[in-house]
Amino acid sequence: MKTNTQFMNIRPRWFGKGKLVLIAGAMLLGCSDYTQKVTNFNQLVLAEEFDTNGPPNPAIWGYDIGRGQNGWGNNELQFYTDRSKNVTVKDGNLVITAEKESFNGAEYTSARLITKGKFQQAYGRFEARMRLPWGQGMWPAFWMLGSDIDTNPWPGAGEIDIMEFRGQNPTTVLGTVHGPGYSGGQSIGKSYSLKNGRFDTEFHIFGVEWGPKYINFYVDNVLYNQITPANLPGEWVFDKPFFLLLNLAVGGSFVGSPNNETVFPQTLLVDYVRIYK
């Protein structure tokens, strides 16, 4: 059962640039033989349950608006808005909707929510229960950026992609990190594939447990990858606060453009976001 929205540990910051993600990694199913196990993250810090219809809670969520430089650095096709047709809370879910429409020079609209300036945290368990969209060119993501990104531009500030998804491949998600010396096409991560079911027809839980010198990646509480400094060809930049992002991109370098079989509108449904320390 859902609980009331809780919110603590507020440390204001601001938001920087976008990202280019081309995953370099292999599929791994449900592996659990990692040497660094989980810290005891049992103190609930944020429980965003999306129980109140209307705009997302402004105490937690802000927005990136516009197209960004070169499609947020990824050649994406959408214009991000804060309009209710692109982002709203309804029937217990955050609903991010990608529409095919002409808007401020773009062919598509969608939304990107951020907690920068409202919530950030170093270490903990970060998870969301979501149902993903489907179709060529759909690119939803649940991810984090280093809070010093304004003074330490990407990829120096670091990026943790808790979940990314190519809409044309409805059974596989990816978890990745980016930093100095391992960004873009050289990012470090792995994919996770369902043996049964699809990510666009069911809700699934995507999370990381992140402590000093390790990040564990989970789908439905199955540990499928662990990243430590030993896995990285560059500097470990994950010992500082990060903030959250939730978005649904259309097109871009990672997924390609929609095709004639891509149906619009497409929706990303988020049942909850919960953070522990």
Side-chain angles (χ1 to χ4, degrees), residues 6-11 13 15-16 19 21 23 25 28 30-48 60 113-116 118-130 141-149 152 154-164 173-183 187-192 204-247 270 272-277:
Q6 300 182 38
F7 192 72
M8 293 171 273
N9 196 26
I10 312 298
R11 301 177 187 171
R13 297 282 182 175
F15 176 58
K19 57 174 186 159
V21 182
I23 303 297
L28 192 66
C31 291
S32 59
D33 55 345
Y34 297 103
T35 56
Q36 274 193 317
K37 297 300 182 181
V38 176
T39 305
N40 189 23
F41 299 122
N42 56 14
Q43 181 180 345
L44 185 65
V45 175
L46 183 151
E48 172 60 286
I60 301 174
L113 278 68
I114 63 173
T115 67
K116 196 167 188 207
K118 300 172 185 291
F119 176 85
Q120 63 178 21
Q121 180 172 299
Y123 309 143
R125 178 171 177 87
F126 302 76
E127 67 178 21
R129 183 173 184 265
M130 296 185 281
F142 174 42
W143 51 299
M144 298 192 286
L145 285 171
S147 62
D148 60 344
I149 193 167
N152 188 13
W154 188 92
E159 175 178 330
I160 302 171
D161 297 325
I162 302 170
M163 183 286 301
E164 289 187 291
V173 294
L174 304 106
T176 316
V177 297
H178 302 250
Y182 50 97
S183 62
S187 59
I188 304 298
K190 286 187 172 70
S191 60
Y192 177 91
H204 293 270
I205 301 170
F206 308 97
V208 294
E209 289 188 331
W210 163 34
K213 308 308 178 187
Y214 75 93
I215 304 170
N216 289 341
F217 289 80
Y218 296 84
V219 174
D220 296 327
N221 295 315
V222 174
L223 173 63
Y224 74 95
N225 192 29
Q226 181 181 88
I227 294 175
T228 72
N231 303 124
L232 303 181
E235 179 186 1
W236 177 267
V237 292
F238 305 104
D239 293 319
K240 61 187 176 186
F242 277 57
F243 62 92
L244 297 170
L245 302 94
L246 272 169
N247 68 285
V270 185
Y272 62 74
V273 176
R274 296 174 184 165
I275 313 299
Y276 300 82
K277 68 177 183 180

At what distance, to the nearest 0.5 angstrom, does [atom1] of [X] lie from [atom2] of [Y]?
| X | Y | atom1 | atom2 | value |
| --- | --- | --- | --- | --- |
| M144 | I215 | CE | CD1 | 7.0 Å |
| N225 | T176 | CG | OG1 | 9.0 Å |
| T228 | Y214 | OG1 | OH | 12.0 Å |
| Q120 | D148 | CD | CG | 9.5 Å |
| L245 | I160 | CG | CD1 | 11.5 Å |
| F119 | L46 | CZ | CG | 5.5 Å |

Identify, with sequence neighbours excluded, every residue that meets salt bridge (Lys or Arg N to Asp or Glu O under 4.0 Å) alongside D239.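 Listed in chain order: K213.
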Give the intermediate values and the outcome of side chain to side chain contact (heavy atoms under 4.5 Å, CB included) for residues V273 and L246.
CA-CA 10 Å; V273 176; L246 272 169; 4.0 Å; yes
How close do [X] and [Y] get, counting heavy atoms only, and between which atoms?
| X | Y | result |
| --- | --- | --- |
| A47 | R274 | CA-CG, 4.3 Å |
| G158 | V237 | CA-CG2, 3.7 Å |
| A128 | V270 | CB-CG1, 4.5 Å |
| H178 | S183 | ND1-CA, 3.7 Å |
| Q226 | N216 | NE2-OD1, 2.7 Å |
| I162 | Y224 | O-OH, 4.4 Å |

Tell me, with the steps shown, if V177 and N231 meet side chain to side chain contact (heavy atoms under 4.5 Å, CB included). CA-CA 11 Å; V177 297; N231 303 124; over 6 Å; no
Where the side chain of [X] meets the backbone of [Y], is there a donor-acceptor pair that is under 3.5 Å apart?
| X | Y | value |
| --- | --- | --- |
| K240 | A157 | yes |
| Y192 | F217 | no |
| Y276 | N40 | no |
| D161 | G175 | no |

Under a 4.5 Å cut-off applied to non-hydrogen side-chain atoms, are [X] and [Y] in contact?
| X | Y | value |
| --- | --- | --- |
| R129 | I205 | yes |
| W143 | N247 | yes |
| P233 | I188 | yes |

- No-hydrogen, no-angle side-chain donor-acceptor test under 3.5 Å, E209 and Y218: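 Checked: E209/Y218 side chains pair up, N/O donor to acceptor below 3.5 Å.
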- Modelled atom types, side-chain donor and acceptor of E159 and W154, under 3.5 Å: yes
* **Set of residues satisfying ring-ring contact (aromatic ring centres under 6.0 Å, His included) with respect to F238, sequence neighbours excluded** =>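 Scan of F238 (ring-ring contact (aromatic ring centres under 6.0 Å, His included), adjacent residues dropped) gives W236, F242.
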| said: Test of understanding: with ring-ring contact (aromatic ring centres under 6.0 Å, His included), list the residues that count as partners of F206, not counting sequence neighbours. | reply: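 F206 satisfies ring-ring contact (aromatic ring centres under 6.0 Å, His included) with F199 once adjacent residues are dropped.
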Do M130 and V173 pass the side chain to side chain contact (heavy atoms under 4.5 Å, CB included) test, and can you show the C-alpha distance, the side-chain angles, and the key distance before you say yes or no?
-> CA-CA 12 Å; M130 296 185 281; V173 294; over 6 Å; no
Check: Can you check side chain to side chain contact (heavy atoms under 4.5 Å, CB included) on E127 and Y272, steps first, answer last?
Finding: CA-CA 8 Å; E127 67 178 21; Y272 62 74; 3.8 Å; yes
